[in-house]
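For reference, the structure discussed in these notes is given below.
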Amino acid sequence: MPDRAPQPVDRQLPTDEARDLISLVRDIAQREIAPRAAEEEDAGRFPREVFTLLSESGLLGLPYDSEYGGGDQPYEVYLQVLEELAAARLTVGLGVSVHSLSCHALANYGTKQQQVEYLPAMLGGGLLGAYCLSEPSSGSDAASLRTKAVREGDDWVIDGTKAWITHGGIADFYTVMARTGEDGPRGISAFLVPGDAPGLSGAVPEKKMGMKGSPTAQVHFDGVRVSDERRLGEEGQGFAIALSALDSGRLGIAACAIGLAQAALDEAVAYATGRQQFGRPISDFQGLRFMLADMATQIEAGRALYLAAARLRDAGRPFAKQAAMAKLHCTDTAMKATIDAVQVLGGYGYTADFPVERYMREAKVLQIVEGTNQIQRMVIARHLAGPEARRTG
């Protein structure tokens with residue numbers, strides 16, 4: 001029924017190279033990702049071949065150093081690539097964001113020797129990463145994690161279970177936070193664990209309401225042995241490394257959310273301009289026009305917010321507060337926009353014949369992953385008013 005093709009987002013990009021990059025991404029999205037998204041999501045199929053193509057095209061290591069196979073792109077550009085991918089299929093956009101998150105510890109805290117040995121394959125060698133912080137009993141309270149790494153000579157032996165791991169069970173490498181010392185955040189260290197390490201296994205993927213093509217699973221560590229040269233950063237630095245990665249990762253989620261919201265808006269506009277009721281397009285009715293206008297305004301505001309945070313990051317300035325704001329606003333926008341898109345399409349929007357019902361199911365998880373939106377509000381408030389007072393009695 002829709003007869004109006006969506007117009008590409010008019011992006012403000014800093015270089016001709018960035019403009020060429022976005023053109024490449026749009027071509028891949030239109031040819032290789034979007035046409036199969038609905039069918040593969042319905043079947044719960046993970047598109048590993050797409051990630052192989054993205055790796056071959058230099059799109060899995062965009063924000064990292066070209067010395068190790070990265071793309072030398074600022075976050076301002078990388079995030080807009082994520083947005084384009086997520087608009088075509090959230091499983092792909094979010095998967096690239098998680099992969100970048102899993103490379104963060106090595107790229108920013110690893111030794112030169114570690115970076116030379118491992119980063120090229122991670123950034124451009126067809127590998128896929130996963131990030132292991134959450135556990136069955138520690139989600140928002142990540143500092144209470146129980147997975148342990150015990151030193152045995154030159155090795156560490158890891159035991160425990162991680163939960164809600166994107167790419168769990170299929171990743172080629174895992175960045176793992178494990179307890180190596182005292183309780184609390186200072187007793188946690190970070191490790192780079194190969195996906196085929198003996199004793200490492202993925203559970204049956206969770207059955208989810210959306211993003212069925214993206215495997216989310218528990219990952220079990222049963223006496224997994226890694227050498228000390230796979231420890232990233234100093235002992236006890238793991239929690240700080242994790243939080244640093246999450247600041248950047250939240251921007252990735254924000255960009256993915258805006259991509260999803262933009263896809264929903266495009267569908268809603270196309271349907272509204274093509275659907276006739278009472279002798280004219282339903283886009284002529286003021287109530288519906290205002291819904292579309294509100295959707296577009298919130299999406300543009302979200303895009304501006306995540307890009308402002310990205311530019312702070314690119315300039316080497318603090319951006320944690322702005323990253324939390326972007327994650328909060330953009331994911332709430334995605335939820336509202338997808339709900340409104342279903343409403344615009346009416347009964348058709350509630351069927352699988354149109355993608356907006358899938359978009360609505362997918363949007364919900366974005367308000368939860370990489371710090372729930374309640375946690376984002378806590379982060380923002382701490383920047384404004386300082387830490388909460390500790391109760392003494």
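Since this is a predicted model, take the numbers as computed values, not measurements. Numbering starts at 1 and runs along the sequence shown.
Judged as a salt bridge (Lys or Arg N to Asp or Glu O under 4.0 Å), the pairs with a partner in residues 337-352 (not counting sequence neighbours) are, in order, Lys336-Asp340.
Relative to the six-membered ring of Phe173, Arg230 misses at least one condition, a distance below 6.0 Å or an angle of at most 45° to the axis. Because its NZ or CZ atom is not both nearer than 6.0 Å to the ring centre of Phe191 and within 45° of the ring axis, Arg231 does not count as a cation-pi partner of that residue.
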**OP:** Test side chain to side chain donor-acceptor pair (under 3.5 Å) on Gln367 and Thr372 and set out the steps.
**Re:** CA-CA 6 Å; Gln367 296 177 302; Thr372 67; over 6 Å; no
Original post:
Can you list the steps and then say if Glu76 with Arg313 is a salt bridge (charged side-chain N to carboxylate O under 4.0 Å, His left out)?
Top reply: CA-CA 9 Å; Glu76 174 187 3; Arg313 185 190 189 281; over 6 Å; no
**OP:** List the steps, then state whether side-chain contact (heavy atoms from CB on, under 4.5 Å) holds for Lys162 with Leu145.
**Re:** CA-CA 9 Å; Lys162 295 295 181 177; Leu145 64 84; 3.9 Å; yes
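A heavy-atom distance below 4.5 Å is found between the side chains of Phe221 and Val219. The side-chain heavy atoms of Glu41 and Glu362, taken from C-beta on, include a pair separated by under 4.5 Å.
Side-chain N or O atoms of Thr15 include one that pairs as donor or acceptor with a backbone N or O of Ala18 at under 3.5 Å. Gln114 places a side-chain N or O within 3.5 Å of a backbone atom of Glu229 that can act as its donor or acceptor partner. Gln30 contributes no side-chain N or O that, together with a main-chain N or O of Asp27, makes up a donor-acceptor pair within less than 3.5 Å.
By the 30° and 60° cut-offs, the orientation of the rings of Phe46 relative to Phe51 is parallel. Between Tyr271 and Phe354, the ring-plane angle classifies as perpendicular under the 30° and 60° cut-offs.
Contact check on Glu300 versus Arg303 returns a salt bridge, with a Lys/Arg side-chain nitrogen under 4.0 Å from an Asp/Glu carboxylate oxygen. Using a cutoff of 4.0 Å between basic side-chain nitrogens and carboxylate oxygens, Arg361 and Glu357 are scored as salt-bridged. Using a cutoff of 4.0 Å between basic side-chain nitrogens and carboxylate oxygens, Asp159 and Lys148 are not scored as salt-bridged. Under 4.0 Å is where a charged nitrogen must lie from a carboxylate oxygen, and between Glu370 and Arg250 no such pair does.
Residue-environment remark: CD (Glu234) stays at or below the threshold of 12 foreign heavy atoms within 6.0 Å. Within 6.0 Å of CZ in Arg146 there are 12 or fewer heavy atoms belonging to other residues, nucleotides or ligands. More than 12 heavy atoms of other residues, nucleotides or ligands shown are found within 6.0 angstrom of CZ on Arg151. Shown here is Glu49, whose CD atom has more than 12 heavy atoms of other residues, nucleotides or ligands within 6.0 Å. In Glu17, the CD atom is not crowded: 12 or fewer heavy atoms of neighbouring residues, nucleotides or ligands sit closer than 6.0 Å.
One finds the CG atom of Asp196 at 8.5 Å from the CG atom of Asp172 (value rounded to the nearest 0.5 Å).
Applying the salt bridge (charged side-chain N to carboxylate O under 4.0 Å, His left out) criterion to Arg382, with sequence neighbours excluded, gives Glu388.
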